[in-house]
Structures are given as structure tokens and as C-alpha cells.
Amino acid sequence: MRFVKFACGIVMGCSMLAVGIAPAVAQEWKPSKTVELVVGSSPGGSPDVMARLVQRIFQNSGLVPSSIVVNKPGAANTIGWAYLNQHAGDGHFIATYSPALIGNRIMGTTQLNYQDFTPLNILAREYVVLSVRADSPIASLADLTARLKKDPQSVTFAFATARGNHNHVVMGMYLKSIGLDPKQAKVVVYSGGGEALTAVLGGHIVVYVASPRSMVPLQREGRARVFGVSAAQRDKALAEVPTLKEQGVDAVFFTWRGFMGPKGLKPAEVAYWDAVFDKLAQSDEWKKDTESQFWNPDYLLSAETRKHLDRENEVMKGILTELGLAKQ
């Protein structure tokens with residue numbers, strides 16, 4: 001039996017009443033068909049890796065009976081996110097997302113905004129590194145800065161998957177910190193991290209702005225050189241990588257990664273995904289995955305995620321306006 005306390009007035013002279021079992025607020029929901037984990041970029045990048053790690057845990061643990069990863073790359077993730085909202089009100093479709101969802105709207109590259117979806121969670125935090133391939137004549141961040149100041153167009157930067165995302169922001173912060181205009185940078189944007197990495201290792205691009213998970217293992221293999229990470233201080237897992245801050249560059253920034261549903265999800269569907277991702281985030285398998293990918297745990301459920309996005313929207317407006325990327 002459920003008991004509910006009522007505050008009674010002086011005249012009534014009571015403090016508690018017992019009531020009977022209340023009817024369920026909402027009927028429970030669970031998937032009745034295969035769940036699609038939609039990724040708005042090509043295979044190989046962090047969004048795709050996260051989706052596949054999550055899908056593997058779903059499968060191994062039985063948390064979700066049946067699920068698949070569906071890549072819908074293009075238009076700065078917009079194709080994937082538009083596909084998600086073709087299934088409004090259907091909890092069988094969820095998608096990876098990041099600050100690019102907010103940045104795209106601020107820059108005017110899409111009409112979609114975080115308010116057009118149902119935020120479900122944030123699972124991890126990821127920093128950004130500046131790197132080159134191992135045999136590059138640029139041996140340090142100081143070398144890179146000197147070359148850029150001499151001829152900004154002599155260096156091509158690459159990142160995925162959209163202008164205005166965390167990689168672009170960190171690149172812009174670095175350039176602004178050394179006195180250069182971020183808008184004048186020579187930039188190539190790839191639809192997925194795998195394509196960008198191939199271009200850098202093939203010598204077609206000079207500097208790769210990417211996640212630590214993409215480049216730190218290659219540095220340890222002797223195939224890449226990582227100049228700095230956008231963390232405020234050195235991380236234990238990245239002890240060999242200096243921060244940009246300690247090298248005099250005012251660039252401290254990170255992306256967050258998680259999942260959202262289409263617009264119009266019912267409370268029961270949101271409650272289902274809250275329960276599923278809560279169990280996933282507490283699992284040993286996910287904790288090992290987080291560590292292996294150089295991600296930092298940063299777990300929020302749906303209600304807190306909405307508040308986080310409201311705050312992040314204001315932060316991103318300020319950063320992108322300062323970097324000259326916001327639509328006027």
C-alpha cells in the first residue's frame with residue numbers, strides 16, 4: 001500500500017492520512033521491435049564508436065532485446081538527425097549527439113535545434129588534441145605556431161564531422177590565442193573521423209584536430225605526434241600529452257556525448273531509456289570502454305540533460321560569436 005502525507009489545518013488537527021494504492025501514472029513501455037542507434041556520421045569517428053560500444057553492451061547484457069547501428073552521414077550530422085525525427089514519438093529510434101547539434105543552429109547551417117528532440121542522456125566527456133603524423137617536419141606546438149604566423153595558408157587543418165563542433169572550437173581557440181583569425185584558416189571537414197585520419201596519415205593534411213582516442217594510441221605506436229590536449233590539466237590516462245594551456249594557449253574545452261530520441265517521446269519511453277542507460281553506465285563493461293577510449297565519465301539522465309543543454313546553448317553562443325562563427 002502507498003501512503004501519502006497531507007498537511008492538515010489546525011481545525012482538522014491531523015497530520016497524516018493513509019490512502020489506498022494509486023493507479024499507475026503511465027503504462028510501462030519496452031521495445032517491440034529492433035531499436036536503431038542512429039549515427040549522423042561515417043564509421044570510425046567517436047559517435048560511431050560510442051554507438052557500437054553501446055550496442056554491444058545491449059546485446060551482451062540483454063538490456064535491449066534487439067538493436068542495430070545505422071549510419072546516416074552528411075550535412076554536418078543533419079541527415080541523421082532529420083532521419084531520427086521522421087520517427088517522431090517512437091522510442092525504437094535513438095541517436096548519438098554532441099555540441100554540434102547546438103552549434104549547427106547557432107551558425108545557421110540547420111534549422112534543427114536540441115529543443116526539436118528528446119534529450120535522453122550524456123554518457124561521457126571527451127577532450128580534443130592537435131596532432132600530425134610522426135614524420136611531419138612540424139615537431140612541436142611551437143613549430144606549428146611559428147609556421148602559421150609566417151604563412152597561415154601553409155597549414156591545412158582537418159577534423160570531422162561539422163564546422164562549429166568541438167574540434168572546430170578548439171582549433172579556433174588555438175588560432176585566436178596565437179593572434180590569428182580563425183575564419184582565415186585553411187580547413188577540410190570530413191564526414192567521419194576514419195576518413196580524416198586516413199588523410200592525415202597519408203600526408204594529405206597537415207594537422208588533425210581530433211579526439212585523444214584517435215591519435216594517442218598512434219603516438220604510442222610511433223605513427224603520430226600529439227602536440228597538446230584541450231584539458232585544464234593533465235589527465236592520468238594521458239600523462240605523456242601536455243595540455244595546450246600549459247603551453248601558453250588559452251584553449252580549454254571538451255565535448256559531451258550521449259543519446260537523444262526523436263521529438264514527442266512519451267514519459268514511459270523516456271523512463272525506459274533512463275533505466276537502460278543507468279544500468280549501462282554503472283556496468284563494468286562500460287567503465288572499461290570509457291577508459292579505453294580516453295573518455296571521462298560524465299553521466300546525466302534525461303531531466304538533468306535538458307538543463308545541461310539549456311546552459312550549453314548559452315555557452316556555445318558566446319564561444320561561436322567570439323570566434324566569428326555565429327550567424328549574425
Side-chain angles (χ1 to χ4, degrees), residues 35-41 45-58 61 63-64 67 69-72 76-78 80-81 83-85 87 91-105 112-128 160-162 164-167 169 193 211-213 253-263 265 269-283 285-313 315-316:
V35 169
E36 290 191 18
L37 281 66
V38 182
V39 180
S41 58
S46 291
D48 178 72
V49 169
M50 174 169 278
R52 294 183 189 280
L53 291 174
V54 166
Q55 194 271 340
R56 189 197 69 211
I57 294 175
F58 283 172
S61 66
L63 276 174
V64 177
S67 61
V69 175
V70 178
N71 293 87
K72 296 282 185 180
N77 294 282
T78 301
W81 294 335
Y83 171 78
L84 178 68
N85 261 355
H87 304 280
H92 294 91
F93 297 84
I94 61 176
T96 59
Y97 75 126
S98 68
L101 179 64
I102 295 174
N104 288 354
R105 177 64 179 268
L112 293 173
N113 198 7
Y114 71 98
Q115 296 167 329
D116 297 318
F117 301 88
T118 304
L120 296 176
N121 56 63
I122 289 173
L123 292 179
R125 186 183 344 130
E126 183 177 66
Y127 292 100
V128 176
T161 57
N165 70 359
H166 54 292
N167 297 317
V169 166
S211 62
R213 58 161 289 275
F253 193 77
F254 63 85
T255 186
W256 34 262
R257 299 196 179 280
F259 284 84
M260 64 182 179
K263 59 186 175 184
L265 289 192
E269 292 171 301
V270 174
Y272 170 84
W273 286 116
D274 268 355
V276 164
F277 278 104
D278 186 52
K279 291 177 182 176
L280 179 141
Q282 305 305 322
S283 70
E285 190 172 2
W286 176 249
K287 291 175 182 177
K288 290 178 181 177
D289 287 339
T290 300
E291 183 177 348
S292 70
Q293 299 299 323
F294 302 102
W295 294 332
N296 295 71
D298 197 3
Y299 178 51
L300 298 177
L301 288 174
S302 56
E304 286 302 313
T305 295
R306 170 64 76 175
K307 295 176 185 177
H308 172 85
L309 295 180
D310 289 339
R311 294 191 298 267
E312 194 74 2
N313 186 53
V315 171
M316 290 291 289

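We number each residue from 1, following the sequence as shown.
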Any idea which heavy atoms bring V54 and L123 closest together, and the distance?
CG2-CD1, 4.2 Å
Closest heavy-atom pair, T255 versus P99, reported as atoms and distance to 0.1 Å, is OG1-CD, 2.8 Å
Checking W273 side chain against G91 main chain: does a donor-acceptor pair fall under 3.5 Å?
yes
Around K287, counting heavy atoms of other residues, nucleotides and ligands shown, do more than 12 lie under 6.0 Å from its NZ?
yes
Short side-chain to backbone donor-acceptor contact, N165 and N167, under 3.5 Å
yes
N121 side chain to L301 main-chain N or O, any donor-acceptor pair under 3.5 Å?
no
Within the structure provided, determine whether H166 and M316 are in side-chain contact (heavy-atom separation under 4.5 Å).
no
Residues in salt bridge (charged side-chain N to carboxylate O under 4.0 Å, His left out) contact with E291, at least two apart in sequence or another chain
none
Non-hydrogen side-chain atoms of L265 and F117 separated by less than 4.5 Å:
no
Taking all non-hydrogen atoms of both residues into account, name the closest pair between P119 and R306 and its distance.
CD-NH2, 3.5 Å
Ring pair (Phe, Tyr, Trp, His ring centres under 6.0 Å) with Y299: which residues, sequence neighbours excluded?
none
With a 4.0 Å cut-off, would you call E304 and K307 a salt bridge?
yes
Indicate the atoms forming the closest heavy-atom contact of T305 with L300, along with that distance.
OG1-O, 3.4 Å
Between F58 and F277, is the ring centroid distance below 6.0 Å?
yes
Set of salt bridge (charged side-chain N to carboxylate O under 4.0 Å, His left out) partners for K279, sequence neighbours left out:
none
Tell me whether N104 contacts the main-chain N or O of A76 through its side chain, where contact means a donor paired with an acceptor under 3.5 Å.
yes
Short side-chain to backbone donor-acceptor contact, W81 and P262, under 3.5 Å:
no
According to salt bridge (charged side-chain N to carboxylate O under 4.0 Å, His left out), who are the partners of E126, at least two apart in sequence or on a separate chain?
R257
Classify the ring geometry of Y127 against F254: parallel below 30°, tilted from 30° to 60°, perpendicular beyond 60°.
perpendicular
Beyond-backbone contact of Y114 with M260, side-chain heavy atoms, under 4.5 angstrom
no
All pairs passing salt bridge (Lys or Arg N to Asp or Glu O under 4.0 Å) where residues 292-302 contributes a residue, at least two apart:
R125-D298
State which residues pass salt bridge (charged side-chain N to carboxylate O under 4.0 Å, His left out) with D116; sequence neighbours excluded, sorted by chain then number.
none
